[in-house]
Amino acid sequence: MFSYFEKSQKRRRILNNIKSRRIIIDKFHIPLGVVPSEYVYPIEGTKIELKNTDNGDMYSYKISVSAEKISSLYMKLLKLFPSYGTMIIERISEDINRYFDILMSDPDVSMNEIRKVFKRYNELWVECGFVGFGVIDELTGFEVFINLDKEIEINTSYNNMKKINHILKLYNLLNDDVSFISDYDHMHYSLSSIVADEGCSETEEYVFDYYDIINNLKSIYGFTTVNLNEINNLIKVPKWWNVTVKSLGRCKKRTFISTYYIVANTMEEMETLIEEKMNNMNVDYYYIYDFYNVDPNNYNYESVNVTDVHNISFETAPFGIWAQSDVFICNAKNIASYYINKNYARTY
């Protein structure tokens, strides 16, 4: 079964090319999206700590493992879950006030579906330095998570330890003389930015993009952003919005995707403005595909392609829709070739 990224011969070639440039240190394969800024010496192994939580005493595992083993190890650990679980995704956020988005799926996703999601987007979870993936049994607190540094974290009660240790022993990971990549200075790259270095078309970069892949999973599995209102460091007042809207295809035979730039003081006001816009366009079936707050100073005619509405800067615009993307795609079956007003990659 080919993954989402291997569906075509061209994508497989791209994958093989970027994997051929992987950093390998003493047989330890560094994930593609985690690049050390100095020489490091990662060592496979596991640290285990006892923590007191609301679920009682829990044992916390932190596992350093070579990239080529992550997928098979993770699949074995998933067998320890009951029939249903909750998926957790952590991603670098587009929102000016959040460094991370933490998304949780419906709590009753079957493990068969979870395994399919993991296998289908395997390279994203294992290689992309902008996203982490995990599963939690909310009843017991048992959790297995691949973090942004591509280290595996496990939280479990004592009951699972024997089975977990048995699996780790199969991979020679029960070694506490361990060295983690996260202990050293390093940079993170998204998978799409690595693909962009290959000189690929915008279509291929879009296919490899973490942000849009996760947005497409949201409605299927009921993902919601659980840290939406947890703003510890307010960089910019949540007033300037980037909102992408998709129609559902029954609005007088007109389907579309478009991005709007909105000035509104609350999410409710933003949603009301979108509703009024759709009503004026006689659009009955639509949904907000994505939204986030932005720094208005970063939005000008050089950085994004927009149709100006008020002929003033985004920062000084009054309440309402300031502008919309100049790309308005109608009757589109596949929007992969249209990357609307969004940067392809960031590093830090």
Side-chain angles (χ1 to χ4, degrees), residues 1-22 31-35 67 70-71 87 89-94 101 103 105 113-133 146 148 150 188-221 223 242 244-249 255-259 287 289-292 304-305 325 327-347:
M1 171 183 170
F2 286 123
S3 75
Y4 174 79
F5 306 104
E6 295 179 309
K7 279 191 171 182
S8 71
Q9 186 176 2
K10 183 177 181 180
R11 292 182 206 168
R12 288 196 296 274
R13 177 182 58 77
I14 292 170
L15 269 178
N16 289 335
N17 283 346
I18 61 178
K19 286 181 178 180
S20 69
R21 301 201 302 269
R22 185 192 303 279
L32 297 176
V34 183
V35 179
I70 293 175
S71 183
M87 286 182 283
I89 292 176
E90 184 175 272
R91 69 178 179 186
I92 301 295
S93 180
E94 293 281 352
D101 292 330
L103 302 97
S105 76
E113 278 297 310
I114 291 173
R115 280 188 282 268
K116 285 179 184 177
V117 171
F118 181 76
K119 288 192 286 187
R120 187 179 186 206
Y121 303 105
N122 174 72
E123 286 81 9
L124 187 70
W125 318 127
V126 172
E127 305 285 6
C128 181
F130 273 31
V131 65
F133 180 87
I146 301 172
L148 273 69
K150 305 311 165 187
H188 284 205
Y189 292 86
S190 67
L191 198 58
S192 57
S193 68
I194 299 169
V195 170
D197 289 341
E198 287 291 304
C200 300
S201 69
E202 291 183 1
T203 301
E204 294 302 330
E205 292 172 28
Y206 182 96
V207 169
F208 281 85
D209 187 76
Y210 77 103
Y211 203 86
D212 293 279
I213 290 169
I214 293 168
N215 277 346
N216 288 328
L217 287 172
K218 278 201 256 185
S219 59
I220 301 173
Y221 297 105
F223 278 103
N242 178 309
T244 300
V245 176
K246 287 185 179 182
S247 81
L248 298 181
T255 61
F256 69 86
I257 174 172
S258 189
T259 298
Y287 69 102
Y289 174 71
D290 192 25
F291 66 91
Y292 47 88
V304 293
N305 298 316
S325 59
V327 180
F328 190 91
I329 309 165
C330 297
N331 303 317
K333 292 182 179 179
N334 183 353
I335 63 160
S337 58
Y338 302 92
Y339 212 99
I340 298 180
N341 298 348
K342 205 157 79 60
N343 295 328
Y344 297 113
R346 292 181 299 167
T347 63

(message) Within the structure provided, determine whether Arg12 and Glu6 are in side-chain contact (heavy-atom separation under 4.5 Å).
(response) yes
(message) Taking salt bridge (charged side-chain N to carboxylate O under 4.0 Å, His left out) as the definition, give me every residue that meets it alongside Lys10, ordered by chain and number, with sequence neighbours left out.
(response) none
(request) Measure the acute angle between the ring planes of Phe130 and Tyr210, then classify it against the limits of 30° and 60° as parallel, tilted or perpendicular. (result) perpendicular
(message) Show the nearest heavy-atom pair for residues Ser190 and Cys128, with the distance to one decimal.
(response) CA-SG, 3.7 Å
(message) Can you tell me how far apart CD1 (Ile14) and OG (Ser8) are? Round to the nearest 0.5 Å.
(response) 7.0 Å
(request) Compare every heavy atom of Tyr292 with every heavy atom of Glu94, then report the nearest pair and how far apart it is. (result) O-CD1, 3.5 Å
(request) Report yes if some heavy atom in the side chain of Phe208 is under 4.5 Å from a heavy atom in the side chain of Arg11; otherwise report no. (result) yes
(request) Quick one: closest heavy-atom pair of Ile194 and Leu32, and the distance? (result) CD1-O, 3.5 Å
(request) Answer yes or no: is there a side-chain heavy-atom contact under 4.5 Å between Phe223 and Ile214? (result) no
(request) Would you indicate whether the side-chain heavy atoms of Phe5 and Val195 approach each other to under 4.5 Å? (result) no
(message) With side chain to side chain contact (heavy atoms under 4.5 Å, CB included) as the test, pick out the partner of Tyr121 among Ile213, Val126, Val131.
(response) Ile213
(request) Search all heavy atoms of Met87 against all heavy atoms of Ile114 and return the closest pair with its distance. (result) CG-CG1, 3.7 Å
(request) May I ask you to test the Leu15-Glu123 pair for a side-chain heavy-atom distance under 4.5 Å? (result) yes
(request) Using salt bridge (charged side-chain N to carboxylate O under 4.0 Å, His left out) as the criterion, list what pairs up with Lys218, not counting sequence neighbours. (result) Asp290
(request) Taking the side chain as every heavy atom from C-beta outward, state whether Ser71 and Phe118 have any atom pair closer than 4.5 Å. (result) yes
(request) For Ser192 and Asp209, indicate whether the former's side chain and the latter's backbone hold a donor-acceptor pair under 3.5 Å. (result) no
(request) Taking the side chain as every heavy atom from C-beta outward, state whether Asn122 and Tyr4 have any atom pair closer than 4.5 Å. (result) no
(request) Mind checking the OH-CG spacing from Tyr211 to Asp101? Nearest 0.5 Å is all I need. (result) 5.0 Å
(request) Under the salt bridge (charged side-chain N to carboxylate O under 4.0 Å, His left out) rule, collect the residues that match up with Glu90, sequence neighbours excluded. (result) none
(request) Taking the side chain as every heavy atom from C-beta outward, state whether Leu148 and Ile92 have any pair of such atoms under 4.5 Å apart. (result) yes
(message) Please report the interatomic distance OG1(Thr244) to OH(Tyr287), rounded to the nearest 0.5 Å.
(response) 10.5 Å
(request) May I ask you to decide if Trp125's main-chain N or O and Lys150's side chain share a donor-acceptor pair within less than 3.5 Å? (result) yes
(message) To the nearest 0.5 Å, what is the distance between CG on Leu103 and CG on Leu217?
(response) 10.0 Å
